[in-house]
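Please read all numbers here as calculations on a predicted model, not as lab measurements. For the single chain, residues carry numbers from 1 onward in sequence order.
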Amino acid sequence: PNVLPTLAEVDAMIERITVPRARVAAVLMRGTGLRITQVAHVRGDDFDVEAGTLLLRRGKSRREKALMRTVAVPTWLVPTLEELGAMRDGFLIRHQDRYGGVYEEVMPSPRNLAAHFKRAWERAEKEEVVRAGIWKPGNRKKASTTHALRAVYQATLEEAGVRDGVIDWLVGHSGRSTRATSYTKPSLEQMRAAVAHIPA
């Protein structure tokens, strides 16, 4: 079995990200378990703050893109993004440099964000606040620090006893049965109860 990072190690990595948009992406991934490509295209108006939900316009598969999934988000997520200065009109993760300069064009590439994650993890390793290489799962040929946040999110929900169908919907996995794939979608109440297990 793979050894996952702890939430404390993930937080230590996030603290060491210096580029604003990359830090916003990391916080969003930690709170939602989304893929980096999805997070890079989240817009501020995709959040329904009153309902505590996020509309996902992008997905990995054609089916997931067509679903336009709505997922619940932890209650702490939007206030945290506001503290980071990220909740503005247009794209949530705006193109900013490390000095706070803002550019209006769309963020150039999710890969650029991933590079910031890796450098932050390497800094945390040198400071001995995270374990070396723990974000590299043994069952993946291509490993990324961004996937570690997604894996920790899922593991946290599993440990809390959230049922598989709810986790699959939240993270965008295919259902594990014909019934789950074709007919079932968890209720908003079920999703809210699940994401409440993700600590701020």
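Every residue meeting the side chain to side chain contact (heavy atoms under 4.5 Å, CB included) condition with Ala51, not counting sequence neighbours, appears here in chain and number order: Asp48, Thr53, Arg192. Scanning for salt bridge (Lys or Arg N to Asp or Glu O under 4.0 Å) contacts around Glu9 gives Arg131, with sequence neighbours left out. Remark: Arg16 pairs with Glu127 by the side-chain hydrogen bond (donor to acceptor under 3.5 Å, both in side chains) rule, at least two apart or across chains. The side chain to side chain contact (heavy atoms under 4.5 Å, CB included) search around Thr75 returns none, not counting sequence neighbours. The side chain to side chain contact (heavy atoms under 4.5 Å, CB included) check on Glu122 picks up Lys118, Arg119, with sequence neighbours excluded. Residues meeting the salt bridge (Lys or Arg N to Asp or Glu O under 4.0 Å) test with Arg23, sequence neighbours left out: none.
Side-chain contact check for Ile14 versus Phe117: every heavy-atom pair is 4.5 Å or farther apart. Contact annotation: the side chain of Leu54 never approaches that of Thr70 to less than 4.5 Å [non-hydrogen atoms, C-beta and beyond]. Residues Ile167 and Tyr153 have side chains not in contact (no heavy-atom distance under 4.5 Å, counting atoms from C-beta outward). Contact check for Phe47 versus Val42: side-chain heavy atoms found under the 4.5 Å cut-off.
Judged purely by atom type and a 3.5 angstrom limit, Gln190 uses its side chain to pair as donor or acceptor with the backbone of Ser187. Between the side chain of Gln38 and the backbone N or O of Arg35, at least one donor-acceptor pair lies under 3.5 Å.
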Begin with the C-alpha distance, continue with both residues' side-chain angles, and end with the deciding distance and a verdict on side-chain contact (heavy atoms from CB on, under 4.5 Å) for Val73 and Val195. CA-CA 6 Å; Val73 295; Val195 300; 5.8 Å; no
What's the verdict on side-chain contact (heavy atoms from CB on, under 4.5 Å) for Leu157 and Ile198, showing C-alpha distance, side-chain angles and the deciding distance? CA-CA 7 Å; Leu157 295 183; Ile198 304 296; 3.8 Å; yes
Dump the intermediate steps for side-chain contact (heavy atoms from CB on, under 4.5 Å) on Arg21 and Val19, then the final yes or no. CA-CA 6 Å; Arg21 63 194 169 90; Val19 175; 4.0 Å; yes
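With rounding to the nearest 0.5 Å, the separation of CG in Asp164 from CD in Glu158 is 6.5 Å. Distance CG/Asp168 to CZ/Arg163: 9.5 Å, rounded to 0.5 Å. To the nearest 0.5 Å, atoms CD1 (Ile17) and CE (Met13) are separated by 5.0 Å.
Summarising the geometry of Met191 relative to Leu170, their closest heavy-atom pair is SD-CD2, 3.8 Å, with the distance given to 0.1 Å. Summarising the geometry of Ala194 relative to Val162, their closest heavy-atom pair is CB-CG1, 3.7 Å, with the distance given to 0.1 Å.
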Which side-chain N or O atoms in residues 27-34 pair as donor and acceptor under 3.5 Å with protein atoms at least two apart or in another chain?
| residue | atom | partner | partner atom | Å |
| --- | --- | --- | --- | --- |
| Arg30 | NE | Asp11 | OD1 | 2.6 |
| Arg30 | NH1 | Pro199 | O | 2.6 |
| Arg30 | NH2 | Asp11 | OD2 | 3.4 |
| Arg30 | NH2 | Pro199 | O | 3.3 |
| Thr32 | OG1 | Leu28 | O | 2.6 |
| Thr32 | OG1 | Leu34 | N | 3.4 |

